[in-house]
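Here the structure comes first, spelled out in C-alpha cells, and everything after it is commentary.
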Amino acid sequence: MTNLAQYDPDIAHAIKNELERQRNGLEMIPSENFVSLAVLEAMGTVPTNKYAEGYPGKRYYGGNQFIDVMETLAIERAKKLFGAEYANVQPHAGSQANMAAYFAVMKPGEKLMGMALPMGGHLTHGHPLSFSGTFYQVVPYGVRRDGWLDMDEVRAIALREKPKVLVCGASAYPRLIDFKAFAQIAHETGAVAIADIAHVAGLVVGGAHPHPFPETDIVTTTTHKTLRGPRSALILAKAQYGAAIDKAIIPGLQGGPMEHIIAAKAVCFKEAMEPSFTDYARRIVANAKVLAETLMREGLTLVSGGTDNHLMLMDLTALNMAGKQAEALLDEVGITVNKNMIPYDPRKPLDPSGIRLGTPALTTRGFTEDDMKIVGRTIAEVLKNPTSDDTKSRAREVVRGLTEKYPLYPDLKYATY
Ligand code: DSN
C-alpha cells in the first residue's frame, strides 16, 4: 500500500493547501468549525469498508460485531448528551435528517410550515427548489422588519393553516429561538413539532441556548457546526417516533451507513459531554457579542441590532456595497465569511445585500473577547475602505499575527510533498 502523497500527489497537494488555508486565515463562516484530532482520526478509518444496513443487532450483513459497538455507543451518547429518548445517528447530512423526519410523520402533499430561506430559514424548511417545497404544501413564516421572530404571527399562521408539521430553527437568525413556544403552538394546532437545531446544537448542549426537549417531538441537527463533530447529522426524538424514523432512514431514504463517520460522531458526543464544552459554548456567544458590539460601534449595521448566539448578519446597504463584494474583499485579507440574504432583501440570492459571520471556529482556536475587538475593527476598516491597499496590508498583518498566536493543528503532520 502506498500513501496518498506517493500515489496521488495532486490530491495530496490540494489537501495540504486546504490545511494551510485553514491555518493562515480567520474562518468566520458561522456554520464551520475545526474538529479535534481524535474526531479527524476516526473519520479516516476502516469502518468505511463495511456494509451495515440496518441497526445494531439487526443488520442485513454479517461481520458487524464491532460496527455495532461503535453505533451503539454513538446512539447512547447522543441520547445522554441531548436528554433524548431516541436517537438515530445514521443520517448522512442535515438535509437527509430533515427529509427522514418529514418522511416519518407526513405524507406527500400535506402541509409543512417553516421559516422562509430569505428570512433566515433553510432550503429544507420548504423552499420551492428543495424536496421540501416540492413534496409538501409549504406555509412559510418570516421575521418582522426589525429582524426578530414574532411568535404571535407564527401562532396566527399555524392556527389558520393547520400544518401537519411545524419546523423551527434557522441558518441565519442571530437571536435565541424559543423552541418551547414553537412546540406549544404546534401542539395547539395539531402539528408535529420539529426543531432543526443544526446551527445551535453546540450551544444547546453547552447550556448557552434554550433546549428543544422535552417539548419538541423531533429534533434534527448537523454535527459539524457549533457541535464541532464530523460533517454529518443526527435525529433525536420522543420514543413514540423512533420506529417511524428508523424506517424512514432505512429502507426509506438511505443505504449503507457511514460507520467511520458514526464512530467520529461518537467521539464528538463524548467531547461535548466534557465540562470544558460548556465553557466553549459560553465563549462562542461572548465572543460573538463583543464582535457585534465592535462592528456596530464602527458604524456597521447588523440585522436585529446584534446577536444572542454565535452569528450575526450584516446589512451592507449603507456602505453602498453588496455581499459578494464584501465577501471578496475580506477574502483578499484572509478573512472568510459568506454573502447572505438579509430579511426583506431587495437583491437576489446569488447577489444579496448582506454577509453572515460568526465565532465558533475562531473560539475553537482560542480567540478571546479582546481578539474579537481587533477582528471587528479590522473587518470594519476593510469594508469602509474598499480601495485602500494600505488598509488591506494592515489587515493581512493583523490576520497573520492572530493566526500565529493561535496555531491550528500544530501537531498535524501530513507527508511532505
Ligand atoms: N449550509 C448551512 C449553513 O451554512 O448554514 C446550512 O445548511
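Counting from 1, the numbers follow the sequence of the chain as shown. Each ligand, and each atom within it, is numbered from 1 in the order the structure gives.
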>> Using modelled atom types and a 3.5 Å cut-off, is there a donor and acceptor pairing between side-chain atoms of Glu71 and backbone atoms of Pro56?
In response: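 Not confirmed, Glu71 side chain does not pair with Pro56 backbone.
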> Do Glu76 and Lys80 sit within salt-bridge range, that is, some charged N less than 4.0 Å from a carboxylate O?
Replying inline: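 Salt bridge: no.
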> Which heavy atom of the protein is the closest neighbour of atom 2 (C) of ligand 1, given with residue, atom name and distance?
Replying inline: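 Answer, as residue, atom name and distance: Lys225 CE, 3.8 Å.
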>> Counting non-hydrogen protein atoms only, what is the nearest one to atom 5 (O) of ligand 1? Give residue, atom name and distance.
In response: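 Nearest neighbour among protein heavy atoms for atom 5 (O) of ligand 1, to 0.1 Å: His199 NE2, 2.6 Å.
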> Going by the side chain to side chain donor-acceptor pair (under 3.5 Å) test, which pairs reach into residues 41-54, not counting sequence neighbours?
Replying inline: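 Residue pairs with at least one partner in residues 41-54: Glu53-Tyr61.
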> Short list, please: which atoms of ligand 1 are under 4.0 Å from a heavy atom of His122?
Replying inline: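 Close to His122: 6 (C), 7 (O).
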>> Please list, in number order, the atoms of ligand 1 under 4.0 Å from a heavy atom of Ser31.
In response: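 In order of number, 3 (C), 4 (O), 5 (O).
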> Given that the side chain starts at C-beta and the backbone is N, CA, C, O, which of these parts of Arg356 lies under 4.0 Å from ligand 1, counting heavy atoms, or is it both or neither?
Replying inline: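 Answer for Arg356: side chain.
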> So Phe82 and Phe269, would you call those rings parallel, tilted or perpendicular, with 30° and 60° as cut-offs?
Replying inline: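 Rings of Phe82 and Phe269: perpendicular, over 60°.
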> Can a protein heavy atom be found under 4.0 Å away from atom 7 (O) of ligand 1?
Replying inline: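 It does; a protein heavy atom is within 4.0 Å.
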> With Phe367, which residues qualify under ring pair (Phe, Tyr, Trp, His ring centres under 6.0 Å), at least two apart?
Replying inline: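 In terms of ring pair (Phe, Tyr, Trp, His ring centres under 6.0 Å), with neighbours along the sequence ignored, Phe367 is linked to Tyr406.
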